[in-house]
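Okay, so here's the structure we're looking at.
Only heavy atoms go into these numbers, but all of them, side chains included; no hydrogens, no water, no symmetry mates. Whatever order the structure lists them in is the order used to number ligands and atoms, beginning at 1.
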Amino acid sequence: METRTATVKANAKINLGLRILAKRPDGFHELRTVFQTISLADTLAISYTPSRKISVTLEGMPDVPGNLATRAAQAILKEMRTGGTVHIHIQKQIPMGAGLGGGSSNAAAILLTLPVLAGRAVALTRLLSLAAPLGSDVPFFLIGGTALGLGRGEELYPLEDFPPFAGLLLTPGIHVSTPEAFRALSPSLTSPEPKKQSFQESVRQPLLAPLVNDFESVVFPQHPRLKALKRSLLKQGAAQALMSGSGSAIFGLFNQKETLAGVVQSGKGESVVPISLLTRSRYRSQWKKCLQPHTQGDLWPPRSLYAQ
Ligand code: C5P
């Protein structure tokens with residue numbers, strides 16, 4: 001049986017504002033955020049061999065039970081009602097536990113790639129409904145660019161591209177657990193109305209006021225170093241500086257590339273990663289390029305060359 005392999009990029013995201021409104025009866029938190037794909041990416045080599053049974057192996061990261069990448073592969077094979085031997089090699093660039101959505105992006109990449117390799121077409125609406133139970137951030141990576149996230153973060157509305165800031169990420173190697181950060185934040189939640197209003201303002205006029213991430217109020221006291229990093233970015237001329245997701249990565253957005261270059265150079269000892277904001281059209285054309293040998297046409301999601 002023929003094995004087909006594709007090498008694809010799975011980009012990270014940052015949150016251009018994140019407000020946590022309330023704990024819901026299902027235990028999740030109602031949130032408002034703006035997701036943004038960025039240039040930092042993992043590389044996945046995904047191979048598929050038709051077979052009766054489903055078998056998924058993972059290399060390059062710990063294959064713990066319930067691993068998101070494995071679950072994504074199993075979910076999409078079941079959706080296609082096909083067996084298959086799948087091997088996934090992940091070359092990690094996106095730090096884990098940093099609020100950059102690395103695991104979620106890997107899962108979405110698998111949902112987009114396996115139908116192409118298996119010769120099936122799966123509608124975007126189906127992919128979105130498979131993505132949501134895997135993780136709240138997974139659906140966003142099927143859309144990319146700048147998008148409004150509501151509900152758990154799985155309810156998405158594409159937005160206009162964010163202005164093309166030059167950016168950088170500070171990734172200090174602190175691992176923050178997302179469920180723990182939600183647990184810590186939950187008791188201090190107050191009336192959601194003012195947060196909703198100020199979030200809506202920040203979406204309408206994104207550069208008028210500093211962006212807000214509610215997780216900073218619980219993560220910064222635990223890790224004062226993060227607050228200091230944010231302060232130093234603002235002091236060095238960042239137009240915006242914010243923690244991403246539940247942390248610990250801090251990003252800075254700069255109007256001038258020259259200012260950014262100075263900050264990168266003076267980032268003594270810190271892990272400093274220059275980034276650019278990836279628009280939806282660039283995200284999709286990058287995807288099409290990665291899957292080009294196996295795809296036809298330019299529909300989204302990519303359609304397989306092997307589909308009957
Ligand atoms: O959806 P995901 O698996 O990424 O969420 C991990 C955990 O974070 C959930 O089990 C839940 O405890 C918490 N969470 C939440 N509200 C959200 C998203 C996540 O409480 N909107």
Across all chains, not counting sequence neighbours, the side chain to side chain contact (heavy atoms under 4.5 Å, CB included) partners of Ser276 are Ser39, Arg282
Between Arg280 and Thr37: side-chain donor-acceptor atoms closer than 3.5 Å: no
Under 4.0 Å from a heavy atom of Gly27: which atoms of ligand 1 are those, numbered in the order shown and with their elements? 20 (O)
How about Phe35 and Phe141: are their ring centroids closer than 6.0 Å? no
For ligand 1, which atoms have a heavy atom of Leu31 less than 4.0 angstrom away? 21 (N)
Close approach of Ser104 to ligand 1, heavy atoms, under 4.0 angstrom: no
Output the list of atoms in ligand 1 that are nearer than 4.0 Å to some heavy atom of His29, sorted by atom number. 15 (C), 16 (N), 17 (C), 20 (O), 21 (N)
Contacting atoms of ligand 1, where contact means under 4.0 angstrom from a heavy atom of Arg152: 1 (O), 21 (N)
Atom 9 (C) of ligand 1: closest protein heavy atom, distance to 0.1 Å, is Phe28 CE2, 3.8 Å
Considering only non-hydrogen protein atoms, determine which one is nearest to atom 17 (C) of ligand 1 and report residue, atom name and distance to 0.1 Å. Phe182 CZ, 3.5 Å
Relative to the heavy atoms of Ser136, which atoms of ligand 1 are at a distance of less than 4.0 Å? 1 (O), 2 (P), 4 (O), 18 (C)
Could you check whether Glu79 pairs with Arg81 (Lys NZ or Arg NE/NH1/NH2 to Asp/Glu carboxylate O, under 4.0 Å)? no
Checking side chain to side chain donor-acceptor pair (under 3.5 Å) between Ser246 and each of Asp214, Asn15, Thr178, which is the one that passes? Thr178
Can you tell me if NZ on Lys227 sees more than 12 non-hydrogen neighbours from other groups inside 6.0 Å? no
Atom CZ of Arg19: over 12 foreign heavy atoms under 6.0 Å: yes
Nearest-contact summary for atom 3 (O) of ligand 1 - protein heavy atom, Å: Gly135 CA, 4.0 Å
Quick one: look up the protein heavy atom nearest atom 7 (C) of ligand 1 and list residue, atom name and how far away it is. Pro179 CG, 3.8 Å
